[in-house]
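Here's the structure we're looking at; comments come further down.
Sequence positions, counted from 1, serve as the residue numbers for this chain. Remember, it's 1-based here, ligands and their atoms both numbered in the order they're listed.
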Amino acid sequence: KKAETPVPRVAVVVFLLKGKSVLLGRRRSSIGDSTFALPGGHLEFGESFEECGTREMKEETGLDISKIEFLTVTNNPCLEEPRPSHYVTIFLRAILADPNQVPQNLEPEKCYGWEWYDWDNLPKPLFGPLEKMARSGFNPFPTDHNI
Ligand code: 8DG
Ligand code: MG
Ligand code: MG
């Protein structure tokens, strides 16, 4: 395949929240291999962020999500050879539509498996863009107005 001029791409990823936990999977990929990352993928032509997050979640884990909300966006140029990449990453949050639903590893060629991880005890190493966010003190959980 002919080498193409690289362009920035849009990714949509989802913090799926359950209690104090988030769903993470260890990547099998040329980008961030073996690191723990959120479910998500590439925005397709014509999709809303919510449609993309819902579709990627279903494709990768079999889970149906609800209460989808936009959280933030980050710019992630990663110019390291041999696979330079540049993602503009849209972060959403959501909850399970059915709290009893269990994640399935539907793309085992891309992921070693999905697990719930306590936000206060995240696994290592986290995928680069996620690591950067966690270190900056970002918290995907709704603010508790009762405190
Ligand atoms: P697709 O073909 O299903 O659309 O893509 P994918 O195979 O699911 O792509 P992906 O690598 O899971 O996600 C696309 C890019 O999104 C990834 O290469 C880099 C960017 N990205 C981040 N943070 C995260 C994250 O936490 N999880 C995932 N999955 N991707 C992330 O910047
Ligand atoms: Mg995908
Ligand atoms: Mg993915």
Atom of Glu60 closest to the Mg ion (ligand 2), considering N, O or S atoms: OE2

Shortest protein contact, atom 32 (O) of ligand 1 (heavy atom only): Thr89 OG1, 2.8 Å

Atom indices of ligand 1, in the order listed, that fall short of 4.0 Å to a heavy atom of Ala11: 15 (C), 16 (O), 20 (C)

Glu59/Arg55 salt bridge by N-O under 4.0 Å criterion: yes

N or O contact, Glu59 vs ligand 1, cut-off under 3.5 Å: no

Protein heavy atom at shortest distance from atom 9 (O) of ligand 1: His42 CE1, 3.5 Å

Lys67 atom NZ, neighbour heavy-atom count above 12 within 6.0 Å: no

Heavy-atom check, side chain of Pro39 versus side chain of Val13, under 4.5 Å: no

Exceeds 12 heavy-atom contacts within 6.0 angstrom, atom CD of Glu80: no

Part of Lys110 with heavy atoms under 4.0 Å of ligand 1, whether side chain, backbone, both or neither: side chain

Nearest protein heavy atom with distance in Å, relative to atom 30 (N) of ligand 1: Val13 CG1, 3.5 Å

Arg93 side chain to Pro140 backbone, donor-acceptor under 3.5 Å: yes

Donor-acceptor contact present, side-chain Glu56 to main-chain Gly53, <3.5 Å: no

N, O or S atom of Glu56 closer to the Mg ion (ligand 2) than 2.8 Å: yes

Contact flag Glu59/the Mg ion (ligand 2), N/O/S atoms, threshold under 2.8 Å: no

OH (Tyr117) with more than 12 external heavy atoms under 6.0 Å: yes

Side-chain donor-acceptor pair present, Asp118, Ser21, cut-off under 3.5 Å: no

Non-hydrogen atom of Glu107 closer than 4.0 Å to ligand 1: no

Minimum non-hydrogen distance to atom 19 (C) of ligand 1, winning option of Tyr87, Phe15, Phe91: Tyr87

N/O separation below 3.5 Å, Gly40 to ligand 1: yes

Electrostatic pair Arg27:Asp33 at N-O distance under 4.0 angstrom: no

Whether Ser29 side chain and Gly32 backbone form a donor-acceptor pair below 3.5 Å: no

Atom 21 (N) of ligand 1 [closest protein heavy-atom partner, distance rounded to 0.1 Å]: Phe127 CE2, 3.6 Å

Close approach of Arg27 to ligand 1, heavy atoms, under 4.0 angstrom: yes

Aromatic plane relationship, Tyr87 with His42 - under 30° parallel, 30 to 60° tilted, over 60° perpendicular: tilted

Heteroatom proximity flag, Leu38 to ligand 1, N/O under 3.5 Å: yes

Test item: Trp114 side-chain N/O and Glu60 main-chain N/O as donor-acceptor pair under 3.5 Å: yes

Residue and atom name of the nearest protein heavy atom (relative to atom 8 (O) of ligand 1), distance in Å to one decimal: Glu60 OE2, 2.8 Å

Heavy atom of the protein closest to atom 13 (O) of ligand 1 (residue, atom name, distance): Gly41 CA, 3.6 Å

Ligand 1-proximal atoms of Glu56, by part, heavy-atom distance under 4.0 Å: side chain

Short N/O/S contact of Val13 with the Mg ion (ligand 3) (below 2.8 Å): no

